[in-house]
Q: 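Here you go, one structure.
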Amino acid sequence: MNKMPESLSLQALNRRDMLQLAAMFGIALSVPTLAAKAPLAPLSADEMALIGDVSELIIPATDTGGALAAGVPDFVKMMLSNWFSDAERDHFMSGLREFSAASSKKYGKPFAALSASQKDLYFGELLAAAEAAPHSLSAGNVPHTPFVVLMKRLTIFGYYSSELGATTELHQQVASAQYVPAAEIKAGDRADSGITAALYPFSAS
């Protein structure tokens with residue numbers, strides 16, 4: 001497989017690069033505006049750690065690496081910087097801070113200090129409630145999708161478009177050697193990496 005050019009590294013990806021890569025891998029991404037926007041303010045160490053903790057709840061390490069091993073926090077940072085609009089980015093960051101503040105209010109300590117079971121319960125309850133509620137845009141076209149839902153979307157896309165997700169967690173199968181009309185799937189078999197083409201369209205709204 002050809003190595004990705006340095007100009008298309010995660011840190012250097014811009015929105016047009018992302019569209020080209022999405023087309024290459026069959027990933028459906030909803031196209032945001034390409035208008036100029038303000039640079040992303042640096043994320044604090046605590047914010048990056050929270051993004052990492054939440055992403056690892058969504059895809060934890062098992063017999064293969066989880067979201068942290070796949071570099072999902074850096075993927076989220078890249079998406080915030082190069083893909084999200086100003087309104088989408090502000091909405092995500094506001095949601096992140098509200099998520100953190102509500103954790104401190106509920107448990108009397110920051111999210112990072114919670115036990116594994118507390119983290120799982122807190123995030124799981126918020127995600128279940130958020131996914132059960134309808135989401136829409138305001139009159140000012142400001143996204144309403146909750147932070148926990150956005151993190152789930154970003155984690156899935158970041159993980160399964162990473163090298164670890166596409167070649168280790170999934171079975172890397174570019175093209176079958178022969179056509180098998182009724183292939184047998186056994187317990188423990190991994191899905192082919194072509195599964196990325198079946199991912200739902202990503203939207204920051």
Q: Lys106: what forms a side chain to side chain donor-acceptor pair (under 3.5 Å) with it, not counting sequence neighbours?
A: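 Lys106 satisfies side chain to side chain donor-acceptor pair (under 3.5 Å) with Glu125 once adjacent residues are dropped.
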Q: Given Phe75 and Ser161, is the side chain to side chain contact (heavy atoms under 4.5 Å, CB included) satisfied, shown in steps?
A: CA-CA 10 Å; Phe75 174 82; Ser161 58; 4.3 Å; yes
Q: Looking at every heavy atom in both Thr155 and Ile58, which two are closest together, and how far apart are they?
A: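 Reported closest heavy-atom pair: OG1-CD1, 3.6 Å.
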Q: Using the test side-chain contact (heavy atoms from CB on, under 4.5 Å), find all partners of Ala113 that sit at least two apart in sequence or belong to another chain.
A: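 Here the qualifying residues are Lys109, Pro110.
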Q: What are the two closest heavy atoms between Gly66 and Tyr159, and how far apart are they?
A: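 Nearest pair, atom of Gly66 first, then Tyr159: O-CE1, 3.4 Å.
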Q: Got a second to check how far Phe157's CZ is from Lys152's NZ, nearest 0.5 Å?
A: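 Output value for this atom pair is 12.5 Å.
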Q: Got a sec, which residues hit side-chain contact (heavy atoms from CB on, under 4.5 Å) with Lys77, two or more places apart in sequence or on another chain?
A: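 Once residues adjacent in sequence are excluded, the partners of Lys77 under the side-chain contact (heavy atoms from CB on, under 4.5 Å) criterion are Leu40, Leu43, Met48.
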Q: Under the 3.5 angstrom rule, does the side chain of Ser55 hit a backbone N or O of Gly52 as a donor-acceptor pair?
A: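 Looks like yes, one N/O pair under 3.5 Å.
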Q: Are Phe111 and Leu68 linked, directly or through other ILVMFWY residues, by side chains that come within less than 4.5 angstrom of each other?
A: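 They do not share one cluster, since no chain of ILVMFWY contacts under 4.5 Å joins Phe111 to Leu68.
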Q: Of all the heavy-atom pairs spanning Gly158 and Val72, show the shortest one and how long it is.
A: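 Gly158 and Val72 have their closest heavy atoms at C-CG2, 4.1 Å.
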Q: Mind jotting down which residue pairs meet the salt bridge (Lys or Arg N to Asp or Glu O under 4.0 Å) criterion with at least one end in residues 48-58? Sequence neighbours excluded, please.
A: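 Residue pairs passing salt bridge (Lys or Arg N to Asp or Glu O under 4.0 Å), neighbours aside: Asp53-Lys119.
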Q: To the nearest 0.5 Å, tell me how far Ile51 CD1 sits from Asp46 CG.
A: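 Taking CD1 in Ile51 and CG in Asp46, the distance rounds to 11.5 Å.
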Q: Do Met93 and Phe99 sit in one hydrophobic cluster, given that two such residues count as connected whenever their side-chain heavy atoms are within less than 4.5 Å of each other, even indirectly?
A: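 In one cluster: yes.
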Q: Once rounded to the nearest 0.5 Å, what's the spacing between atom CE of Met151 and atom CG of Leu57?
A: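 If we round to the nearest 0.5 Å, Met151:CE and Leu57:CG are 9.0 Å apart.
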Q: Taking salt bridge (Lys or Arg N to Asp or Glu O under 4.0 Å) as the test, write out the residues that go with Glu47, two or more places apart.
A: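 So Glu47 forms a salt bridge (Lys or Arg N to Asp or Glu O under 4.0 Å) with Arg97.
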Q: For Phe123, check ring pair (Phe, Tyr, Trp, His ring centres under 6.0 Å) against everything at least two apart and list the hits.
A: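 Applying ring pair (Phe, Tyr, Trp, His ring centres under 6.0 Å) to Phe123 gives none.
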Q: List in chain and number order the residues that pass side-chain contact (heavy atoms from CB on, under 4.5 Å) with Ser100, two or more places apart in sequence or in another chain; answer none if no residue qualifies.
A: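 side-chain contact (heavy atoms from CB on, under 4.5 Å) list for Ser100, sorted by chain: Leu50.
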Q: List the residues meeting side chain to side chain donor-acceptor pair (under 3.5 Å) with Ser115, not counting sequence neighbours, and say none if there are none.
A: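 Result, side chain to side chain donor-acceptor pair (under 3.5 Å) vs Ser115: Ser117, Gln118.
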Q: With sequence neighbours excluded, tell me which residues meet side-chain contact (heavy atoms from CB on, under 4.5 Å) with Pro60.
A: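 Listed in chain order: nothing, the list is empty.
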Q: Out of curiosity, Glu88 CD to Leu150 CG, how far, rounded to the nearest 0.5 Å?
A: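 Going from CD on Glu88 over to CG on Leu150, the span is 8.5 Å.
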Q: What heavy-atom pair brings Ala130 and Val149 nearest, and what distance separates the two atoms?
A: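 Answer, listing the atom of Ala130 first, then Val149: CB-CG2, 3.7 Å.
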Q: Kindly give the heavy-atom pair with the smallest separation between Gly65 and Ala69, and that separation in Å.
A: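 Gly65 and Ala69 have their closest heavy atoms at CA-CB, 3.9 Å.
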Q: Can you measure from OG1 (Thr64) to CD1 (Ile59) and round to the nearest 0.5 angstrom?
A: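 The CD1 atom of Ile59 is 9.5 Å from OG1 of Thr64, to the nearest 0.5 Å.
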Q: Output all residues satisfying side chain to side chain donor-acceptor pair (under 3.5 Å) with Ser104, sequence neighbours left out; order by chain, then residue number.
A: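 Testing Ser104 for side chain to side chain donor-acceptor pair (under 3.5 Å), a comparison that skips the adjacent residues, returns none.
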Q: Distance check, rounded to the nearest 0.5 Å: Glu131 atom CD versus Thr145 atom OG1?
A: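 Going from the CD atom of Glu131 to the OG1 atom of Thr145 covers 11.0 Å.
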Q: Looking at side-chain heavy atoms only, is the closest gap between Trp83 and Leu154 below 4.5 Å?
A: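 No. Closest side-chain heavy atoms not under 4.5 Å.
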Q: Identify the two heavy atoms, one from Ser103 and one from Tyr122, that lie closest to each other, and give their separation to 0.1 Å.
A: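 Looking at all heavy atoms of both residues, the shortest contact is N-OH, 3.1 Å.
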